[in-house]
Every structure is written in C-alpha cells, then in structure tokens.
Amino acid sequence: MIKVAPSILSADFSRLGDEIRRLEVARADWVHIDVMDGNFVPNITIGPVVIGHVRSSTSLPFDVHLMILNPERYVEPFVDAGSDIVTVHVEATEDVRATLQKIRSLGKKSGLSLNPETPFRKVEPYMNEIDLLVVMTVHPGFAGQAFMPEVLPKIREARNYVERERIDVDIEVDGGINAQTGKMAVGAGATVLAAGSALFRCPDLRKEIENWHRFG
Ligand code: DX5
Ligand code: ZN
C-alpha cells in the first residue's frame with residue numbers, strides 16, 4: 001500500500017497540535033515536517049523546539065525533511081525532539097555519508113533528498129545507507145507550487161535501481177502532489193506521497209487519503 005505523508009507546512013500553525021491529531025484520525029501514515037533555514041532554501045519554517053512540543057499530539061512517525069545547510073550540525077537536536085526519519089539533502093552537506101551514519105547511529109531512519117535538477121547518480125553511492133529517498137518534484141522552499149513532470153524519469157530510475165539491487169528503500173515524492181500527480185508519481189515508482197496544500201485543502205481528508213492509499 002502507498003504511504004501518505006501530509007506536510008504540516010500547509011497546516012494552521014496556530015493550532016498545530018489539533019491539525020496533527022486530525023491527520024492521525026484521517027489515517028495518514030507519516031507526518032511530513034518541512035524544516036527550512038533561509039540558507040539552503042529562501043524560506044524559514046520550524047525547528048526542534050516546535051517539533052518537541054507537538055510530539056505528544058500523535059504516535060504517527062515524524063518524517064522530518066531538513067532543507068538546511070550543513071544538516072550534520074543539527075541531527076541530534078532533531079532526533080531528541082522526536083524525529084523518526086531524518087532526511088537531509090545531498091546538495092547540502094560535504095559529508096553525506098557521515099551525516100547518514102550519524103542518523104542511523106542514533107537509532108533513526110535515514111533519508112536522502114535531491115532537488116529537481118540533481119541527477120540520480122549523485123545519490124546512488126548512498127543507496128545502501130538510506131531507508132528513504134525523497135525526490136523533489138518542485139524547487140524546495142514553498143508549499144503550493146506546481147509538480148514538475150520532467151522529474152518522472154528520475155523516479156523511475158530510482159525505482160529500477162531499488163528493484164535491481166533488492167534494497168529496502170522507500171521512494172517519496174514531495175512537491176505539487178495531488179490526486180492526479182500522485183497517481184503519475186506512483187506509476188513511475190513512488191511508494192510514499194508527501195503533500196501539503198492538496199491534503200489540507202480537501203473537504204474529506206480521510207476519504208482522500210484512503211483513495212491515495214490505493215494508487216499502488
Ligand atoms: C517544499 C516542501 C514540501 C511542500 C509540499 O519545499 O518540501 O513538502 O511543503 O507542499 P505542496 O504539497 O503544497 O507542494
Ligand atoms: Zn518536504
């Protein structure tokens with residue numbers, strides 16, 4: 001079954017705990033948390049303090065997407081705050097391997113993400129050291145952007161690699177995902193759908209998630 005990870009970037013932050021509880025009631029699989037530093041991306045969102053405060057709102061895994069420069073500096077605080085999966089960008093650190101090892105040494109799942117223009121070969125050397133590959137289908141930084149269909153072949157390339165090598169790596173797509181683009185991404189090999197605006201805007205979240213679960 002396809003996993004659905006609503007991005008709280010599109011939630012009402014004045015009542016974040018309730019918004020996250022709503023995701024659990026609607027049977028989301030993971031809570032996708034977008035962390036931006038104003039350096040790696042031109043926007044600033046939340047940090048470990050906020051994650052720590054909402055940790056008690058749900059038992060769903062926290063899928064924490066670090067869009068920050070030199071993420072190795074912050075792995076520990078994000079793990080301490082309650083992250084279950086910590087994803088870093090391959091473009092954001094000089095030492096990808098050490099960063100992934102640090103995440104795993106703290107007992108958490110490691111994720112690696114790549115921007116739309118970054119080719120799959122940049123992450124290929126690390127595929128044995130990750131649990132999750134996050135393929136960006138927009139330029140990271142803001143919710144509500146349009147899905148970039150030109151990334152579909154890269155999703156397919158990643159999926160082919162995972163199958164050929166028989167490794168246990170989820171492929172998450174992130175950016176501009178809705179019912180239509182989500183189906184396209186799953187068709188190309190995605191196993192996890194992260195989405196902000198489309199899910200937080202829809203009238204019946206539980207029904208929508210149930211529908212997405214069946215894309216596989
Ligand atoms: C983009 C973030 C995404 C984004 C998703 O920088 O990583 O997770 O918030 O939002 P939508 O689904 O609205 O594109
Ligand atoms: Zn994200």
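When the side chains of ILVMFWY residues are joined at heavy-atom separations under 4.5 Å, either directly or via intervening members, Met67 and Val86 end up in two distinct hydrophobic clusters. In this structure, Ile167 is a member of the same hydrophobic cluster as Val96, with clusters built from ILVMFWY side-chain heavy atoms closer than 4.5 Å. Clustering ILVMFWY residues whenever any of their side-chain heavy atoms sit less than 4.5 angstrom apart, transitively, puts Val64 in the very cluster that holds Val75. Linking Ile, Leu, Val, Met, Phe, Trp and Tyr residues whenever their side-chain heavy atoms come within less than 4.5 Å leaves Phe78 and Val134 in two separate clusters. Under the 4.5 Å side-chain contact rule for hydrophobic residues, Trp30 and Val50 do not share a cluster.
Between the side chain of Ser110 and the main chain of Leu100, no donor-acceptor pair closer than 3.5 Å is present. Put simply, the side chain of Arg159 gets close to the backbone of Gly189: a donor and an acceptor are under 3.5 Å apart. Listed for the Ser10 side chain is a donor-acceptor partner under 3.5 Å among the backbone atoms of Ser197. Put simply, the side chain of Ser83 never gets that close to the backbone of Ile85: no donor and acceptor are under 3.5 Å apart. A side-chain donor-acceptor contact under 3.5 Å links Asp84 to the backbone of Phe62. With hydrogens and angles disregarded, no donor-acceptor distance shorter than 3.5 Å links the side chain of Asn178 to the backbone of Ala198. Proximity of a side-chain donor or acceptor of Arg73 to a complementary backbone N or O of Leu69 within less than 3.5 Å is detected.
Side-chain polar atoms of Ser14 and Asp12 form a donor-acceptor pair below 3.5 angstrom.
Using a 4.5 Å heavy-atom cutoff, the side chains of Ile8 and Ile20 are in contact. Contact annotation: the side chain of Gln101 approaches that of Glu129 to within less than 4.5 Å [non-hydrogen atoms, C-beta and beyond]. The closest side-chain heavy-atom distance from Phe120 to Val135 is not below 4.5 Å. Looking at Met36 and Phe142, their side chains never come closer than 4.5 Å, going by heavy atoms from C-beta outward. Taking 4.5 Å as the limit, every side-chain heavy atom of Thr58 sits out of range of all side-chain heavy atoms of Leu23. Between Leu193 and Asp174 there is no side-chain heavy-atom pair separated by less than 4.5 Å. Met136 places none of its side-chain heavy atoms less than 4.5 Å from the side chain of Met148. In this structure, the side chains of Phe215 and Met184 stay at 4.5 Å or more apart for every pair of heavy atoms.
Taken from CD1 in Ile177 to OG in Ser7, the straight-line distance is 12.0 Å, to the nearest 0.5 Å. Distance CG/Asn70 to CZ/Phe40: 10.5 Å, rounded to 0.5 Å. Thr99 contributes atom OG1, which lies 7.5 Å from atom NZ of Lys102 (distance to the nearest 0.5 angstrom). Separating the NE2 atom in His32 from the OG1 atom in Thr87 is a distance of 7.5 Å, to the nearest 0.5 Å. In this structure, CD1 in Ile209 is found 6.5 Å from NE2 in His213, a value given to the nearest 0.5 Å. The line from CG of Leu66 to CG of Asp34 is 10.0 Å long, rounded to the nearest 0.5 Å.
Nearest heavy-atom pair across Val41 and Pro140 is CG1-O, 3.5 Å. For Leu199 against Ala195, the heavy-atom pair with the smallest separation is CD1-O, 3.8 Å. Annotation for Ala11 and Leu16: closest pair CB-CD1, 4.0 Å, computed over non-hydrogen atoms. Nearest heavy-atom pair, Val138 versus Gly175, reported as atom, atom and distance to 0.1 Å: CG1-C, 3.5 Å. Nearest heavy-atom pair, Ile2 versus Asp29, reported as atom, atom and distance to 0.1 Å: O-OD2, 4.1 Å. Among all heavy-atom pairs drawn from Ile155 and Ala185, the shortest one is CG2-O, 4.0 Å.
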Requested in this report: Report the C-alpha distance between Arg27 and Val4 in whole Å, list the side-chain angles of each, state the deciding distance to 0.1 Å, and finish with yes or no for side chain to side chain contact (heavy atoms under 4.5 Å, CB included).
Outcome: CA-CA 9 Å; Arg27 301 194 182 158; Val4 180; over 6 Å; no

Query - Verdict with reasoning, Ile171 to Val192, per side chain to side chain contact (heavy atoms under 4.5 Å, CB included) - result: CA-CA 6 Å; Ile171 299 173; Val192 187; over 6 Å; no

**Report entry** Criterion side chain to side chain contact (heavy atoms under 4.5 Å, CB included) on Glu72 and Asp95, from CA distance to verdict
**Finding:** CA-CA 8 Å; Glu72 60 277 8; Asp95 204 343; 5.9 Å; no

Requested in this report: Give the intermediate values and the outcome of side chain to side chain contact (heavy atoms under 4.5 Å, CB included) for residues Leu132 and Leu112.
Outcome: CA-CA 6 Å; Leu132 176 71; Leu112 191 59; over 6 Å; no

Report task. Begin with the C-alpha distance, continue with both residues' side-chain angles, and end with the deciding distance and a verdict on side chain to side chain donor-acceptor pair (under 3.5 Å) for Glu91 and Thr118. Result -> CA-CA 8 Å; Glu91 307 89 354; Thr118 303; 2.6 Å; yes

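For Asp168, the CG atom is loosely surrounded, since the number of other residues' heavy atoms within 6.0 Å does not exceed 12. More than 12 heavy atoms of other shown residues, nucleotides or ligands fall within 6.0 angstrom of atom CD in Glu163. Under a cut-off of 6.0 angstrom, the local environment of CZ in Arg206 is sparse, with at most 12 non-hydrogen atoms contributed by other residues, nucleotides or ligands. The environment of Phe147 atom CZ is dense: over 12 non-hydrogen atoms of other residues, nucleotides or ligands sit within 6.0 angstrom.
Screening Val162, Asp170, Leu114 for a side chain to side chain contact (heavy atoms under 4.5 Å, CB included) involving Leu133 leaves a single residue, Leu114.
Using bins of under 30°, 30° to 60° and over 60° for the plane-to-plane angle, the ring pair His65/His89 lands in the parallel bin.
Screening residues 130-140 for side chain to side chain donor-acceptor pair (under 3.5 Å), with sequence neighbours left out, gives Arg104-Asp131, Glu117-His139. Among residues at least two apart or in separate chains, there is no side chain to side chain donor-acceptor pair (under 3.5 Å) pair with a member in residues 143-155.
Taking the centre and axis of the six-membered ring of Tyr126, the NZ or CZ atom of Arg97 falls outside the cone set by 45° and 6.0 Å.
Ion pairing between Arg214 and Glu210 holds under the 4.0 Å rule for side-chain N and carboxylate O.
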